[in-house]
Engineer: 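Starting off with a structure, shown below.
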Amino acid sequence: PESADLRALARQLYESYLKYFPLTKAKARAILSGKTSDNTPFVIHDMKSLLEGEQMINCRQMPMQEHRRSDMGIMHEVELRFFHSCQSRSAEAVSEVTEFAKSIPGFVNLDLNDQVTLLKYGVIEVLIIMMAPLMNKDGTLISYGQIFMTREFLKSLRKPFCEMMEPKFEFSVKFNMLELDDSDMALFLAVIILSGDRPGLLNVKPIEDLQETVLHSLELQLKMNHPDSLQLFAKVLQKMTDLRQLVTDHVQLIQLLKETEVDWCLHPLLQEIMRDLY
Amino acid sequence: LKEKHKILHRLLQNSSSPVDL
């Protein structure tokens with residue numbers, strides 16, 4: 001009976017994962033491997049294709065004052081505008097992750113302050129994990145899989161923009177070798193969200209109890225779904241250490257951008273999350 | 001904490017439709 005409950009939990013989390021996250025790993029891998037004929041992404045590999053891609057997806061434009069246009073130069077403006085649209089997408093993704101978190105059985109019954117803390121500290125880790133299926137060693141899908149942006153192009157941007165994605169590529173290439181599928185990912189995301197060691201939590205015990213159940217469910221899921229992959233459960237959990245370092249480095253880069261870029265403005269939701277984070 | 005995280009709080013309290021970000 002206990003394992004039946006754990007399987008039911010896995011199914012429930014997988015269903016809400018499918019409900020709230022529009023681009024699944026299955027779909028992303030089909031696009032990346034060219035297995036879908038109707039979904040060939042537009043490739044951004046230089047500034048010219050970035051401008052074309054921008055028009056194609058009609059991304060929200062950052063208002064620019066005319067006098068700054070000439071001062072900054074058109075290329076600087078494009079980079080800032082692109083990262084501005086990345087922020088808008090990240091804010092939407094935070095909203096999707098919040099809905100997913102609320103669907104974890106017991107989450108909404110936790111102290112509301114603790115729900116805020118769990119999301120504040122967990123959401124960037126979740127977003128980085130969710131980026132992995134969109135990436136391969138050569139680049140990443142963006143804009144719901146409509147666009148493929150090359151890793152080389154991202155590396156060619158001026159500092160510190162060029163340093164933003166490279167650590168995520170390095171992590172993702174290794175993480176993807178674990179070959180988790182969407183149903184495994186759903187449970188792993190829930191485990192990350194339900195971390196009882198986040199700073200400032202008021203009532204740790206119910207969070208740890210919830211996480212323990214999801215961990216049992218993940219362990220069972222991985223044994224059943226990947227019977228030949230030895231120690232996969234332990235390998236997946238080890239990734240949580242790398243994730244914390246990635247988030248710390250990411251937040252530091254964002255702080256640097258705030259200090260060095262005149263026209264940089266951080267989305268209010270991302271500001272809330274990153275303020276006093278680490 | 002809720003006061004410092006008004007948007008997150010709103011997202012958590014919002015019952016169904018997505019919050020306009």
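Chain letters run A, B, ... following the sequence lines, proteins first, then strands; residues in each count from 1.
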Engineer: Please name the pair of heavy atoms, one in A/E99 and one in B/N14, separated by the smallest distance, quoted to 0.1 Å.
Structural biologist: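 The pair with the smallest heavy-atom distance is OE2-O, 4.2 Å.
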Engineer: Pick one: which of B/K6, B/K4, B/H9 meets side-chain contact (heavy atoms from CB on, under 4.5 Å) with A/E272?
Structural biologist: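 Answer after filtering B/K6, B/K4, B/H9: B/K6.
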Engineer: Please tell me if the side chains of A/V94 and B/L8 come closer than 4.5 Å, counting only heavy atoms from C-beta onward.
Structural biologist: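 They are in side-chain contact.
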Engineer: Under the 3.5 angstrom rule, does the side chain of A/Q115 hit a backbone N or O of B/L12 as a donor-acceptor pair?
Structural biologist: no
Engineer: For B/L11 and A/L269, what are the C-alpha separation, side-chain angles and deciding distance, and is it a side-chain contact (heavy atoms from CB on, under 4.5 Å)?
Structural biologist: CA-CA 10 Å; B/L11 289 171; A/L269 176 55; 3.9 Å; yes
Engineer: Specify which of A/L112, A/V108, A/L119 makes the most heavy-atom pairs with chain B at under 4.5 Å.
Structural biologist: A/L112
Engineer: Using atom types as modelled and distance alone, determine if a side-chain donor or acceptor of A/K120 lies under 3.5 Å from a backbone N or O of B/H5.
Structural biologist: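 It does not hold such a pair.
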